[in-house]
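Sharing a structure, written as structure tokens. Questions coming.
Just so you know, these numbers use all the heavy atoms, side chains as well, and skip hydrogens, waters and symmetry mates. None of these values were measured; they are calculated from a predicted model.
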Amino acid sequence: MTGSLLVAALVIPGVANAQDVRLPVSASFSILGDLVRAVGGDRIDLTTLVGPDQDAHVYEPTPADIGKLTATKVFFINGLGFEGWMPRLRKASHYTGRVVEVTEGLKPRTTRDQGKLVTDPHMFQDPALAKAMVTRIRDALTEADPAGKTYYAERAKNYELALDDLITWARKQLAPISPTRRVVLTSHDAFGYLGERFDIRFLAPEGVSTESEASARDVAKLIRVIRTTGVKAVFMENITNPRLIERIAHDAKVQVDGKLYSDALSQNQEASTYLQLFQHNIRAIAAAMKDDR
């Protein structure tokens with residue numbers, strides 16, 4: 001499955017701009033940048049502000065970021081409050097290019113965060129919603145570079161097929177897991193869309209943003225839930241400090257199963273693209289939730 005999926009996503013017909021004058025575009029964070037690159041290919045010159053293994057929730061824009069952004073014609077962002085620093089960046093940069101919010105028009109889920117009902121911005125964790133984002137990216141690139149319409153359409157179609165394969169593959173990996181075992185503990189509430197797509201319950205001491213801090217009361221409650229439900233799948237994340245999860249696992253007397261990639265790609269090869277990130281996460285989760293474990 002892995003080989004065919006990657007071939008479908010990466011071996012794309014079409015040619016780049018004949019004059020090799022690439023469209024300068026930017027993306028707010030690494031996962032979104034990978035989706036933009038998958039569609040734009042050789043016709044774009046991509047700048048990504050928040051790189052691999054960096055936390056887009058708490059990122060602080062620099063003067064260099066302003067320079068990079070102002071040199072681009074299209075700026076792709078997640079939206080839904082994911083990039084809390086975006087208003088400051090836009091004000092400081094006086095950006096005049098087009099800003100494309102890839103979640104626009106999609107219905108977000110809501111969740112409880114410190115007693116308040118908030119919007120969950122992590123739509124990219126669901127490959128089906130990532131397909132809708134790819135469509136938005138294709139349309140925005142085509143509008144900015146009409147000569148590349150066929151090129152962008154072919155690449156987007158192939159990547160969407162790869163995402164369909166990814167969903168089918170993930171369902172097969174998770175099919176043997178009984179409903180009572182489908183519970184996972186992670187650092188912050190980043191996997192709600194993944195959970196809804198594949199019937200997995202995710203627990204987290206922190207809310208939808210890593211800026212929120214887990215209270216002692218919430219941590220104690222979470223430990224009790226782990227003990228009473230028998231949660232076995234416990235993971236740290238690539239963008240957060242592992243100490244809180246390690247402490248909770250220690251107090252609940254469970255082991256940490258490794259790392260999930262949440263809001264960023266990684267310099268590690270296992271998660272250097274969105275497709276690889278998703279495959280790693282599903283494999284790790286499925287292995288940790290197995291009934292015979």
Side-chain angles (χ1 to χ4, degrees), residues 5-52 54 56 59 61-62 64-79 82-83 86 89-90 93-106 123-124 127 129-163 166 263-267 271-278:
L5 187 154
L6 292 177
V7 167
L10 300 178
V11 180
I12 311 293
V15 295
N17 192 327
Q19 290 78 35
D20 198 28
V21 179
R22 301 185 180 189
L23 177 69
V25 302
S26 50
S28 57
F29 70 113
S30 60
I31 292 175
L32 180 53
D34 190 58
L35 298 182
V36 172
R37 182 179 286 107
V39 179
D42 293 334
R43 290 191 71 93
I44 66 170
D45 183 9
L46 175 66
T47 295
T48 302
L49 299 185
V50 186
Q54 295 183 349
Y59 189 73
T62 67
D65 292 331
I66 294 175
K68 293 175 183 177
L69 179 61
T70 54
T72 65
K73 294 184 178 180
V74 186
F75 184 23
F76 293 94
I77 68 173
N78 184 81
F82 181 76
E83 306 97 340
M86 190 60 63
L89 177 63
R90 294 178 70 171
S93 66
H94 302 289
Y95 185 65
T96 59
R98 182 186 176 192
V99 178
V100 179
E101 188 172 318
V102 296
T103 58
E104 184 178 352
L106 302 178
M123 284 190 175
F124 50 85
L129 293 174
K131 284 180 61 179
M133 295 179 185
V134 166
T135 298
R136 289 274 293 154
I137 293 166
R138 179 203 65 196
D139 292 347
L141 291 178
T142 300
E143 182 176 332
D145 174 25
K149 179 178 179 179
T150 300
Y151 181 80
Y152 298 136
E154 290 176 341
R155 291 185 66 91
K157 180 180 179 180
N158 278 276
Y159 197 80
E160 288 166 358
L161 290 173
L163 292 172
L166 200 64
D263 296 353
L265 301 180
S266 178
Q267 295 180 2
S272 63
T273 69
Y274 177 76
L275 300 180
Q276 291 169 337
L277 174 152
F278 191 87

Show the numbers, then the answer: is there a side chain to side chain contact (heavy atoms under 4.5 Å, CB included) between Tyr95 and Leu89?
-> CA-CA 9 Å; Tyr95 185 65; Leu89 177 63; over 6 Å; no
Where do Ala153 and Arg138 come nearest, in terms of heavy atoms and distance?
-> CA-CD, 4.0 Å
Go through the steps to decide whether Leu23 and Arg43 satisfy the test side chain to side chain contact (heavy atoms under 4.5 Å, CB included), and finish with yes or no.
-> CA-CA 6 Å; Leu23 177 69; Arg43 290 191 71 93; 6.0 Å; no
Residue set satisfying ring-ring contact (aromatic ring centres under 6.0 Å, His included) with Phe76, at least two apart, ordered chain then number -> none
Could you grab the distance from atom CG of Leu46 to atom OG1 of Thr72, nearest 0.5 Å is fine?
-> 9.5 Å
Sequence neighbours left out, what passes side-chain contact (heavy atoms from CB on, under 4.5 Å) with Lys149? Give chain and number order.
-> Thr142
Side chain to side chain donor-acceptor pair (under 3.5 Å) partners for Asp34, two or more places apart = none
Which class fits the ring pair Phe29 and Phe124: parallel under 30°, tilted 30 to 60°, perpendicular over 60°?
-> tilted
Here the pair of heavy atoms bringing Ala264 nearest to Ile31 is N-CD1, 3.6 Å
Would you please name every residue forming a ring-ring contact (aromatic ring centres under 6.0 Å, His included) with Tyr274, sequence neighbours left out?
-> none
Can you tell me if Asp65 uses its side chain to pair, donor with acceptor, with the backbone of Thr62 under 3.5 Å?
-> yes
The side-chain contact (heavy atoms from CB on, under 4.5 Å) partners of Ala132 (sequence neighbours excluded) come to Leu106
Would you give the length of the straight line joining atom OG of Ser30 to atom CG of Leu49, rounded to the nearest 0.5 angstrom?
-> 11.0 Å
Heavy atoms, side chains only, cut-off 4.5 Å: are Phe278 and Leu163 in contact?
-> no
Sequence-distant partners of Thr70, side-chain contact (heavy atoms from CB on, under 4.5 Å), two or more places apart = Ile66, Ser93
What residues, two or more places apart in sequence or in another chain, satisfy side chain to side chain donor-acceptor pair (under 3.5 Å) together with Gln54?
-> none
Could you walk me through whether Val36 and Thr48 pass the side chain to side chain contact (heavy atoms under 4.5 Å, CB included) check?
-> CA-CA 10 Å; Val36 172; Thr48 302; over 6 Å; no
Straight-line distance of Leu265 CG to Leu277 CG, nearest 0.5 Å = 6.0 Å
Contacts of Glu143 that satisfy side-chain contact (heavy atoms from CB on, under 4.5 Å) - sequence neighbours left out = Arg98
Taken to the nearest 0.5 Å, the spacing of Ile137 CD1 from Met133 CE works out to 8.5 Å
Of all residues at least two apart in sequence or in a different chain, which pass the salt bridge (Lys or Arg N to Asp or Glu O under 4.0 Å) check with Arg37?
-> none
Going by heavy atoms in the side chains, are Leu141 and Tyr151 under 4.5 Å from each other?
-> no
Roughly how far, to the nearest 0.5 Å, is CD1 of Ile77 from OG1 of Thr103?
-> 7.5 Å
Could you tell me whether the side chain of Met86 reaches within less than 4.5 Å of the side chain of Val99, counting heavy atoms only?
-> no
Thr135/Glu160 under side chain to side chain contact (heavy atoms under 4.5 Å, CB included): CA gap, chis, key distance, verdict | CA-CA 9 Å; Thr135 298; Glu160 288 166 358; 3.1 Å; yes
Qualifying residues under side chain to side chain donor-acceptor pair (under 3.5 Å), relative to Tyr152, sequence neighbours excluded = Asp145
Calculate, to the nearest 0.5 Å, the distance between atoms CZ and CD belonging to Arg136 and Glu101 respectively.
-> 8.0 Å
Identify the two heavy atoms, one from Pro127 and one from Leu166, that lie closest to each other, and give their separation to 0.1 Å.
-> CG-CD2, 4.2 Å
List for me each residue that meets side chain to side chain donor-acceptor pair (under 3.5 Å) alongside Lys68, sequence neighbours excluded, and say none if there are none.
-> none
Between Ala56 and Phe82 the two heavy atoms that sit nearest each other are CB-CE2, 3.5 Å
